[in-house]
Amino acid sequence: MTEAAPGHASSAAIKARVGAGHPARWREELGFVALAAIVGILAGATAVGISSGAKWMHRVLFETGADGMLSPLPTLSAAYMYFIPALGGLVLGILGLFIRRWRPRPMVDPIEANALHGGRMSLLDSAILSLQVMLCNGFGASVGMEAGYTQAGSGMASAIAGRFRLSRSQWRVLVGCGAAGGIAAAFHAPLTGAFYGFELVIGVYAIPSVAPVMTAALLAFLTARMLGATPFPILVPPIPDLTAADYPPFILLGLVGAGVAIAIMRLVTLVEQGFARSGVPVPLRPVIGGLGVGALALYSPQILSSGEGALHIQVGTGVTLSVLCVFLLKICASSLSLGSGFRGGLFLAALFLGSMMGKLFAAGAAFLGVAVDPVVSAVVGMAALAVGIVGGPFTMTFLTLETTGDLVISGLVLSAAIACSLTVRETFGYSFSTWRLHLRGESIRGAHDVGWLRDLTVARLMEQGLSTFPANGTQADLRATFPLGQVRYVALLDVDGRYAGMVRVARVYSAGRDGPIGDFAQHLHDMLHPQMNVTHAQAVFRHADAELLAVVDPETGRVLGQLHEVEALRRYAQEVEAARRDLSGGE
């Protein structure tokens, strides 16, 4: 019997390993898809429950009728209804007071959970936040409920992942499944939900995550349908075949959407900072915000709630002066609601505002002699502004495709969405979710900025024990202290023991003369701090054009150690490769 050559397995051995390994792997993958299916069903049912709860409040508080839609009302039927948002602010303020005392830690949303905490979220916190979002919307505050949908779905997914002790990568994907299910059920759009999970929560599109995310989104959509949720399709007129000349106006609309998106995000921050400087107690701020929203609703109830019902009105009607008024008032109402402390999101509000922005853009183009269909412009503007605020160009493209059923207009949407997304990322750098995290001191710009990158700090990478020498010494003293070949670099210290630059020992020996050692000091202001992450450290290395830098305590100036650039690059490459294999299903 012939033996296999050393280092090579026989075909029988290979078949044995494959036969033994694949069933277990298939069982593991199928089991994970089954968990994703459960998450999708739960997320879909919960999204319907949250939406139904808010609509029930609309029927009871605002007498909206059977559909529970608040924003399509031409006017509120009673004067007291204009004070209902303020009442909701009082309820939210009192509830928030108890929550802050009971659970003082900030709540973690799905994007933050996947980027910084390996997908770990509190189920109780998620339930509390979802309840707050439903109450805020139900009382008429100008906020969307998508934050509640995604928070509830992701919170349940994280709890299930913890119960089954999933790996970090599976945990993150399952949290993305929960968010995808919530969005798919809310918008009756499974592809939109799936790509929301990929682009905004998981942060990457990977083949192994397609089956679980799509399964969760599809079952959430079907669950919502079975529970009686009905879609609201957007009807657009037939669009003739497009030429290359038809795209530039809509790309310009995408750039306009980027500017409007950045302005809205900054306005929300300014309102929030204004309340913080005002000295008004935190529990009373939503009351003031609610009074302001009620006052704005005197012009039109379209600015109330998320604007979902009014979205279909704005897409299908012509351009009038009232469109501009509602557009500006809705921006003010959303900024006032979120800035004063109401809980919710800007996804639906961005769609509503974008539809009006598109119609106004079409009117401006017509004034300049450029023919742009107002309805098509409204749909493209709707998606473009949402991309600028929420992110996810493919998410918004699929939302347009699934709500209009028009493939031609989806090409226009994708062009405008890419233009808007690129402009926002290059000029502003954040979506609404990550911008608020940035204001809290976090450095992430999306779900792709995973936590291991932030945790890979200089303190973990550095070597202890960098040789030091007094900065007021001489070349002769250094040569006497450090024989040639013993060390390559020495850190100089001033009379107080603080870092005063680096000296390359071989350069001192090659000088061939005696003098103050300070003449040879390099990188006086280029140093690393222990809390820097690896990407920040690489930027310092590039700026200093150095192969080795000292690690210095930023408060005391004491030298803690040293870090070689090659070591930082090696560890970074290892972590990136490990993350890539983790996401692609590799061992």
Side-chain angles (χ1 to χ4, degrees), residues 105-106 112 115-118 429 437-445 449-475 477-483 485-509 515-576 578-579:
R105 295 178 302 175
E112 182 183 4
L116 302 179
H117 307 294
L437 291 176
H438 168 73
L439 295 176
R440 279 171 31 194
E442 297 290 355
S443 59
I444 65 171
R445 297 195 177 197
D449 294 330
V450 291
W452 60 261
L453 187 60
R454 187 186 70 163
D455 295 335
L456 192 62
T457 60
V458 169
R460 290 180 54 191
L461 301 177
M462 71 177 189
E463 300 176 19
Q464 303 285 343
L466 176 62
S467 300
T468 59
F469 189 77
N472 57 3
T474 64
Q475 292 175 242
D477 295 334
L478 186 138
R479 286 194 290 263
T481 305
F482 299 104
Q486 182 180 6
V487 294
R488 294 182 63 195
Y489 289 91
V490 171
L492 300 181
L493 304 180
D494 62 16
V495 293
D496 297 322
R498 301 175 64 89
Y499 174 77
M502 295 283 289
V503 169
R504 186 173 182 177
V505 175
R507 186 173 169 223
V508 175
Y509 273 89
I517 197 64
D519 294 344
F520 295 86
Q522 297 176 299
H523 311 309
L524 278 72
H525 304 291
D526 297 314
M527 66 194 81
L528 302 175
H529 302 316
Q531 70 274 16
M532 286 181 178
N533 64 32
V534 64
T535 53
H536 191 179
Q538 288 177 3
V540 176
F541 275 115
R542 287 194 297 270
H543 177 265
D545 192 21
E547 61 177 340
L548 180 142
L549 289 173
V551 181
V552 179
D553 187 320
E555 296 182 0
T556 65
R558 187 170 59 91
V559 175
L560 303 177
Q562 61 184 342
L563 178 63
H564 290 266
E565 182 184 25
V566 65
E567 173 63 16
L569 291 172
R570 183 183 68 83
R571 287 292 303 278
Y572 178 76
Q574 288 177 345
E575 295 290 344
V576 168

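Throughout, numbering of the chain's residues begins at 1 and tracks the sequence. Here the structure is a predicted model, which means the values were calculated and not measured.
The backbone N or O of Thr556 lies less than 3.5 Å from a partner atom in the side chain of Arg498, making a donor-acceptor pair. Using modelled atom types, one side-chain atom of His529 and one backbone atom of Val552 make a donor-acceptor pair closer than 3.5 Å. Put simply, the side chain of Gln475 gets close to the backbone of Gly515: a donor and an acceptor are under 3.5 Å apart.
Within a 6.0 Å sphere centred on CD of Glu555, heavy atoms belonging to other residues, nucleotides or ligands number 12 at most.
In this structure, the separation between CZ on Arg504 and CG on Leu548 is 10.5 Å, given to the nearest 0.5 Å. To the nearest 0.5 Å, atoms CG (Leu492) and NE2 (His523) are separated by 11.5 Å. For the atom pair Met502 CE and Met527 CE, the distance stands at 11.0 Å (nearest 0.5 Å). For the atom pair OG1 of Thr457 and CG of Leu528, the computed distance is 11.0 Å after rounding to the nearest 0.5 Å.
The closest side-chain heavy-atom distance from Phe541 to Leu563 is below 4.5 Å. A 4.5 Å side-chain heavy-atom check between Pro554 and Gln531 finds at least one atom pair inside the cut-off. Side-chain contact check for Tyr509 versus Arg479: some heavy-atom pair is nearer than 4.5 Å. For the pair Glu547 and His564, the minimum side-chain heavy-atom distance is 4.5 Å or more. Counting heavy atoms from C-beta outward, Met532 and Val540 have side chains that approach closer than 4.5 Å. Between Met462 and Gln464 the shortest side-chain heavy-atom distance falls below 4.5 Å. Residues Tyr499 and Thr468 have side chains not in contact (no heavy-atom distance under 4.5 Å, counting atoms from C-beta outward). Annotation: side chain of Pro530 is in contact with side chain of Val551 (closest heavy-atom distance under 4.5 Å).
Side-chain atoms of Gln522 and Tyr489 form no donor-acceptor pair, as typed in the model, at a separation below 3.5 Å.
Between Val508 and the options Ile517, Val490, Thr474, a side chain to side chain contact (heavy atoms under 4.5 Å, CB included) holds for only Ile517.
Contact between Ala500 and Ala521 at its shortest, heavy atoms only, is O-CB, 4.1 Å. Across His543 and Asp526, no two heavy atoms sit closer than the pair ND1-OD1, 3.2 Å.
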Could you walk me through whether Phe469 and Val503 pass side-chain contact (heavy atoms from CB on, under 4.5 Å), step by step? CA-CA 9 Å; Phe469 189 77; Val503 169; over 6 Å; no
